[in-house]
Enquirer: 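This is the structure I want to talk about, given as structure tokens.
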Amino acid sequence: MPKRRRIFEPRIDRTPPNLQKLVRLIFSEAFLPGERLVERDLAAKLKLSRIPVREGLQKLVSKGILLKDEVNRGLRLRDYGPAEVTHLHEYREAIELAAARAACHNRSATDLVQLDLICDGMEAEAPNAPSARWLELDWQFHQTIVETSGNERFVNDFDLLMIECNYVFYRLPDTMIPAKSSENPLLSTLVHGVVDAHRSIVKLIAARDTNGVVEAMRLHLAGLSNRVHRDLVKSQLAKDQAARK
């Protein structure tokens, strides 16, 4: 069983350190969707030679995380419009639904206690959500389920996937949530709904209810994806209206 990871900035332990640095830089607020990535500039910011940066960029291209810019003969981030968000959600769903099903078979009493403690922490942090601590705990919850599955391939893919999801769902100008749940009744309802969904998932894993946990996880992930999709559509409509004026 792989070692548990318990910090918000995702630790991709199976990935070389230079690639870790590169991924974190790319998926920070320093770059916007669709923006061109210049190898020389990235190397300067990371204080690395261009060779490891070039190798890292090519690995991200091979995984479909970055795209080739045919016009400028370089690389760029995806645009992350509504269609891209749907594809990202489908990719994450494929891993997490299978991982949740496997977790029902492989979970231990320690895993269940850990998941319950994370839910307790999220409930205590709910008034400040979506704070860094709240997002850290949410990350821990999903990471624990993936690791409990015992599938090393899921764990390896989930590391990089969640870095990308964190960027798209919480760091983009169109998807950031500026308010705290204690200041917004609707957000408070959504936050507590997340905790309730997590607790239901834990109970289903404890009962080894594979069908139930798959459906519960599907609904839970769909809620997050739908919010981001809606925010991006609203933003695009506003931009289109402004362009017509």
Side-chain angles (χ1 to χ4, degrees), residues 9-10 12 14-15 19-20 22-37 56-72 74-103 130 135 138-139 141-143 145-147 149 151-177 190 194 197 201 213-240:
E9 281 298 330
I12 37 184
R14 298 159 186 78
T15 305
L19 182 56
Q20 293 186 36
L22 177 62
V23 169
R24 291 199 177 101
L25 174 60
I26 291 173
F27 290 110
S28 67
E29 289 86 350
F31 297 96
L32 293 175
E35 190 167 343
R36 183 167 175 260
L37 300 172
L57 290 172
Q58 291 306 316
K59 287 181 180 179
L60 296 178
V61 170
S62 69
K63 289 181 174 292
I65 295 174
L66 299 180
L67 299 177
K68 290 184 178 180
D69 189 336
E70 301 300 339
V71 176
N72 297 307
L75 301 175
R76 64 177 176 84
L77 280 172
R78 292 179 176 275
D79 290 326
Y80 291 113
E84 286 290 350
V85 169
T86 297
H87 296 163
L88 188 63
H89 164 71
E90 290 172 347
Y91 179 31
R92 179 178 175 181
E93 183 184 70
I95 291 178
E96 288 214 56
L97 297 191
R101 184 187 298 111
L135 295 176
D138 183 61
W139 186 291
F141 182 85
H142 291 275
Q143 187 75 35
I145 290 176
V146 171
E147 292 179 349
S149 75
N151 189 314
E152 192 73 10
R153 290 178 179 264
F154 288 164
V155 175
N156 288 338
D157 283 348
F158 200 67
D159 283 331
L160 290 175
L161 171 62
M162 285 300 285
I163 293 175
E164 192 176 4
C165 285
N166 177 54
Y167 172 78
V168 174
F169 294 165
Y170 296 108
R171 293 190 172 187
L172 298 185
D174 294 334
T175 60
M176 285 182 177
I177 303 176
L190 293 174
V194 169
I201 289 169
V213 79
V214 166
E215 184 60 22
M217 183 65 79
R218 188 193 311 278
L219 292 173
H220 176 50
L221 296 179
L224 174 59
S225 177
N226 289 342
R227 176 192 69 82
V228 176
H229 191 278
R230 183 183 64 250
D231 289 348
L232 289 172
V233 169
K234 287 171 60 178
S235 175
Q236 187 59 55
L237 288 174
K239 292 175 183 176
D240 291 344

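Owing to the predicted nature of the structure, the values given are computational and were not obtained by experimental measurement.
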Enquirer: Taking the side chain as every heavy atom from C-beta outward, state whether L161 and L88 have any pair of such atoms under 4.5 Å apart.
Expert: yes
Enquirer: State the CG-CD1 distance between D157 and I95, to the nearest 0.5 angstrom.
Expert: 5.0 Å
Enquirer: Once rounded to the nearest 0.5 Å, what's the spacing between atom CZ of F27 and atom SG of C165?
Expert: 9.5 Å
Enquirer: Please report the shortest heavy-atom distance between E93 and L221, naming the atom on each side.
Expert: CA-CD1, 3.9 Å
Enquirer: Looking at CG of L67 and CG of L75, how far apart are the two atoms once the value is rounded to the nearest 0.5 Å?
Expert: 8.5 Å
Enquirer: Which residues pass the salt bridge (charged side-chain N to carboxylate O under 4.0 Å, His left out) test with E35, not counting sequence neighbours?
Expert: none
Enquirer: What are the two closest heavy atoms between E147 and V155, and how far apart are they?
Expert: CA-CG2, 4.0 Å
Enquirer: List for me each residue that meets salt bridge (charged side-chain N to carboxylate O under 4.0 Å, His left out) alongside E84, sequence neighbours excluded, and say none if there are none.
Expert: R78
Enquirer: With a 4.5 Å heavy-atom cut-off, do I26 and L57 have their side chains touching?
Expert: yes
Enquirer: Would you say Y91 and E164 make side-chain contact, with heavy atoms under 4.5 Å?
Expert: no
Enquirer: What pair of heavy atoms forms the shortest contact from I145 to A100, and how long is it?
Expert: CG2-CA, 3.9 Å
Enquirer: Calculate, to the nearest 0.5 Å, the distance between atoms NE2 and CE belonging to H142 and M217 respectively.
Expert: 6.0 Å
Enquirer: State the OG-CG distance between S28 and N166, to the nearest 0.5 angstrom.
Expert: 11.0 Å
Enquirer: For the atom pair CZ (R24) and CG (L19), what is the distance rounded to the nearest 0.5 Å?
Expert: 10.0 Å
Enquirer: May I ask you to test the P33-Y167 pair for a side-chain heavy-atom distance under 4.5 Å?
Expert: yes
Enquirer: Sequence neighbours excluded, which residues qualify as side chain to side chain contact (heavy atoms under 4.5 Å, CB included) partners of V194?
Expert: M122, W134, D138, H198, H220
Enquirer: For L219, check side chain to side chain contact (heavy atoms under 4.5 Å, CB included) against everything at least two apart and list the hits.
Expert: E215
Enquirer: For F154 versus A99, what's the shortest heavy-atom pair and its separation?
Expert: CE1-N, 3.8 Å
Enquirer: What pair of heavy atoms forms the shortest contact from I201 to A216, and how long is it?
Expert: CG1-CB, 4.0 Å
